[in-house]
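So you know, we letter chains A, B, ... as the sequences are listed, proteins then strands, and number each from 1. These numbers come from a predicted model, not from an experiment. All heavy atoms count here, side chains included; hydrogens, waters and symmetry mates do not.
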Amino acid sequence: MSEPHDLNAISNDLFAVRREKLAILREAGEDPFRANWDQSHVAADCPALLPEGAEEGPEVSVAGRIVALRVMGKASFVKLLDRSGVVQCYLTRDALGERYDGHFKKLVDLGDFIGVRGRLFRTKTGEVTVRAAAYGLVSKALRPPPEKFHGLADPEQVYRQRYLDLVANHDSRRRLLTRSRIIESIRRFLWSRGFAEVETPALHGVAGGAAARPFVTHFNALDCDFSLRIALELHLKRCLVGGLDRVFEIGRVFRNEGLSRKHNPEFTMLELYQAYTDYRGMMELIRSLIQQVCREVLGSTTVARAEGGEIDLGGEWREVRYKDLILGRTGDPAWFSRTKEEKIEACRRLGLGEPRPDWEDFEVTNEVFAKLVEPTLIQPTFVTHIPRQLCPLAKLTPDDPDTIDVFELCINGQEIAPAYSEQNDPLEQRRMLEAQAGAETHRIDEDFLLALEHGMPPAGGLGVGVDRLGVLLTGAANIRDTILFPTLRPEVRE
RNA sequence: GGCCCGAUAGCUCAAUGGUAGAGCAGUUGCCUUUUAAGCAAUUGGUUCUGGGUUCGAGUCCCAGUCGGGCCA
């Protein structure tokens with residue numbers, strides 16, 4: 001540098017310019033990273049504090065990140081972003097004196113955090129604004145923010161540097177805060193129905209409760225491997241055995257499978273179990289839950305889809321048997337009496353890919369369901385009477401031993417929530433788990449079966465993919481848009 | 001894992017195989033009610049990486065990295 005604090009010489013290096021300003025501040029004895037700033041109000045409070053027609057409102061003290069900075073000679077407007085939103089502040093030489101020119105105009109940048117104290121007034125265009133009697137730089141930003149109009153557009157940077165996305169992109173901020181309010185609303189609903197929120201282990205000796213490959217890790221102290229949980233189910237049922245008749249958990253589960261628009265390897269499940277009810281009770285519960293969340297969070301039971309169109313979550317929901325959906329889609333009334341080979345041939349005619357050779361008969365049929373039926377179930381639909389092989393943890397339908405007492409709630413072309421009349425016959429449960437495990441008997445959670453042998457009350461159980469519910473209620477296009485920090489390949493920095 | 005697409009200034013984006021540009025941000029001025037503020041001047045590039053073709057490559061070819069979409 002040719003002379004001390006020659007910003008012009010380094011003006012192409014945005015980081016260096018800001019570090020230089022930091023040095024100037026420190027030389028002047030100022031702490032550019034203060035411990036605190038007393039906020040009397042947040043941005044969203046301000047409009048209500050200035051009554052219509054009033055010239056001037058009360059004094060407030062606000063703080064936030066500068067997201068807009070308009071300097072007009074001896075007066076400037078800044079917009080501060082805090083947790084509630086944005087508030088405008090008006091800083092002038094008249095009110096601030098020499099500090100306005102020497103400090104504010106020279107050393108405060110877009111992206112810095114400042115605090116502002118002053119009375120509220122309304123500008124010519126009607127915006128409620130803080131007239132700064134005093135301000136302070138509370139935290140300097142050494143990196144420049146993204147472009148102010150387009151925000152951050154590169155999807156990789158949006159996910160890797162979500163903090164920038166949250167500052168720059170209003171929609172992202174709104175969507176991710178909505179997710180938080182959805183979870184808050186779910187908890188309120190369940191508490192009001194007498195459910196206890198519990199926490200169960202994430203490290204499992206045997207990862208059970210679903211069919212998925214687990215992440216495996218090693219516990220040094222016991223010198224043994226653990227799996228990260230793939231479901232919450234088996235421990236919550238142990239709670240039922242222990243007499244906790246209504247329990248739920250909202251927790252992260254981990255499945256060592258693909259990444260896609262609909263899948264993140266770690267995602268959030270809500271699972272709940274209610275004794276002395278069955279899957280029919282779960283129907284009423286999930287519909288009431290989703291409708292209450294909609295009303296509380298969105299103020300409406302109608303939501304827009306990213307792909308266009310609307311979903312109406314109000315009123316009663318359609319209920320239809322799995323078998324009828326298959327017959328309707330294949331147009332073959334004798335579908336279920338066909339051989340596996342005939343079904344595979346029919347799948348080819350329907351334009352489905354070649355089924356894997358090791359597939360069972362019911363898996364061929366389920367391919368039709370997953371590929372050709374589920375994506376068409378946009379409006380809320382309870383699919384019932386599902387083939388028993390698809391879930392070993394539910395009770396058989398009393399009048400149809402081929403199906404189970406469950407529903408699969410589909411909305412927006414996706415499975416949102418399955419629910420069961422839970423299997424509580426320990427001998428039947430063992431038989432079904434053994435059939436599912438085949439030769440891999442080490443994958444059976446023996447302690448869970450032992451618990452069932454002590455007796456579990458009849459119960460309905462429900463699982464909800466919270467991320468997918470977030471996609472549904474926020475109109476997002478991608479599950480990553482409702483997850484703050486989605487899984488990405490670790491970045492290698494040199 | 002397969003196929004397709006993308007990667008250019010801090011950000012958003014341009015650029016027939018022929019001297020890499022713009023807007024915003026930055027720097028220097030002017031500007032006391034702005035709303036993507038305005039005006040003037042100005043700085044800023046390993047065009048993702050490595051090979052190749054060519055007189056000449058941001059552009060064409062091959063391989064790789066990272067990301068996105070579709071499929072499995």
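A/Arg18 comes within 4.0 angstrom of no nucleic acid atom, judged by non-hydrogen atoms across all strands. Note on A/Leu164: nothing from the nucleic acid sits closer than 4.0 angstrom, heavy atoms only. If you check every strand for non-hydrogen atoms under 4.0 Å, A/Lys124 touches a base. Among the protein residues, A/Phe15 comes within range of no part of the nucleic acid, since none of its heavy atoms lies under 4.0 Å from any strand. Nucleic acid contact for A/Gly258: none, since no nucleic acid atom lies under 4.0 Å from a heavy atom of the residue.
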Per-nucleotide protein contact string for nucleotides 1-8 of chain B (B base, S sugar-phosphate only, - none; heavy atom under 4.0 Å)
--------

A correct 5'-to-3' footprint of nucleotides 43-49 of chain B, with B, S and - meaning base, sugar-phosphate only and no protein heavy atom under 4.0 Å, is BS-----

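Side chain to side chain, A/Tyr159 and A/Asp154 fail the donor-acceptor criterion of an N or O pair below 3.5 Å.
Within 3.5 Å, no donor on the side chain of A/Thr92 pairs with an acceptor on the base of B/U32, nor the reverse.
Of the candidates B/U28, B/C11, B/C24, the closest approach to any side-chain atom of A/Leu152 belongs to B/C11. For A/Thr125, the listed nucleotide lying nearest its side chain is B/U34; candidates were B/U34, B/U27, B/C31. Residue A/Tyr90 places its side chain closer to B/U32 than to any other of B/A36, B/U32, B/C11. The side chain of A/Arg489 lies closest to B/C66 when the candidates are B/C66, B/U35, B/C24. Distance from the side chain of A/Glu147 is smallest to B/C11 among B/C11, B/A37, B/G67. The side chain of A/Arg160 lies closest to B/C66 when the candidates are B/C66, B/G26, B/A37.
Rounding to whole angstrom units, CD of residue A/Gln88 and C1' of B/A37 are separated by 11 Å. Rounded to whole Å, the distance from CG on A/Leu352 to C1' on B/A72 is 13 Å. Regarding A/Asp101, its CG atom lies at a distance of 11 Å from the P atom of B/G29, rounded to whole Å. Taking atom CZ of A/Arg70 as the reference point, atom P of B/G26 lies 13 Å away to the nearest angstrom. Rounded to whole Å, atom P of B/G29 lies 7 Å from atom NZ of A/Lys106. Put simply, NZ on A/Lys105 is 10 Å from C1' on B/U32, counting in whole angstrom units. Rounded to an integer number of Å, the gap from A/Arg93 CZ to B/C30 P is 11 Å. In this structure, the CG atom of A/Leu14 is 11 Å from the P atom of B/A25, given to the nearest Å.
Between A/Asp154 and A/Tyr159, the residue anchored closer to the 5' end of RNA chain B is A/Asp154, taking for each the nucleotide with the nearest heavy atom. Mapped onto RNA chain B by nearest heavy atom, A/Thr123 and A/His150 fall at different nucleotides, with A/His150 at the one closer to the 5' end.
Legend: residues meeting side chain to side chain donor-acceptor pair (under 3.5 Å) with A/Glu310, ordered by chain and number and at least two apart, are absent. Under the side chain to side chain donor-acceptor pair (under 3.5 Å) criterion, A/Glu59 pairs with no residue at all, not counting sequence neighbours.
Comparing B/C5 with B/U43, their P atoms sit 39 Å apart, to the nearest whole Å. Comparing the P positions of B/U54 and B/U65 gives a spacing of 28 Å, expressed to the nearest Å. On the P atoms, B/U49 is 25 Å away from B/C55, given to the nearest whole Å. Spacing of C1' atoms, B/G2 relative to B/A15, comes out at 33 Å, to the nearest Å.
Helical stems in RNA chain B, defined as runs of 3 or more consecutive Watson-Crick or G-U wobble pairs with both donor-acceptor distances under 3.5 Å, are listed by first residue as B:1-7 with B:65-71, B:10-13 with B:21-24, B:26-30 with B:38-42, B:48-52 with B:60-64.
If you look at A/His103 and A/Tyr135, their ring centroids are closer than 6.0 Å.
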List the steps and the verdict of salt bridge (charged side-chain N to carboxylate O under 4.0 Å, His left out) for A/Glu184 and A/Arg181.
CA-CA 5 Å; A/Glu184 179 186 345; A/Arg181 294 174 58 215; 5.5 Å; no

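Under the 4.0 Å criterion applied to side-chain N and carboxylate O atoms, A/Arg162 and A/Asp165 are assigned as salt-bridge partners.
Of the residues in residues 126-139 of chain A, those with a non-hydrogen atom less than 4.0 angstrom from any atom of RNA chain B are A/Glu127, A/Arg131.
Contact between the side-chain N/O atoms of A/Lys79 and the OP1/OP2 oxygens of B/U34 is not found at any separation under 4.0 Å. Proximity of A/Gln157 to the phosphate of B/C11: a side-chain N or O atom is located under 4.0 Å from OP1 or OP2. Side-chain N/O atoms of A/Lys148 include none lying less than 4.0 angstrom from OP1 or OP2 on B/C11.
Stacking of A/Arg143 on the aromatic ring of A/Phe15 is recorded, both the 6.0 Å distance cut-off and the 45° axial limit being met.
Applying the ring pair (Phe, Tyr, Trp, His ring centres under 6.0 Å) test between A/Tyr90 and each of A/Phe104, A/Phe77, A/Tyr100 identifies A/Phe77 as the sole match.
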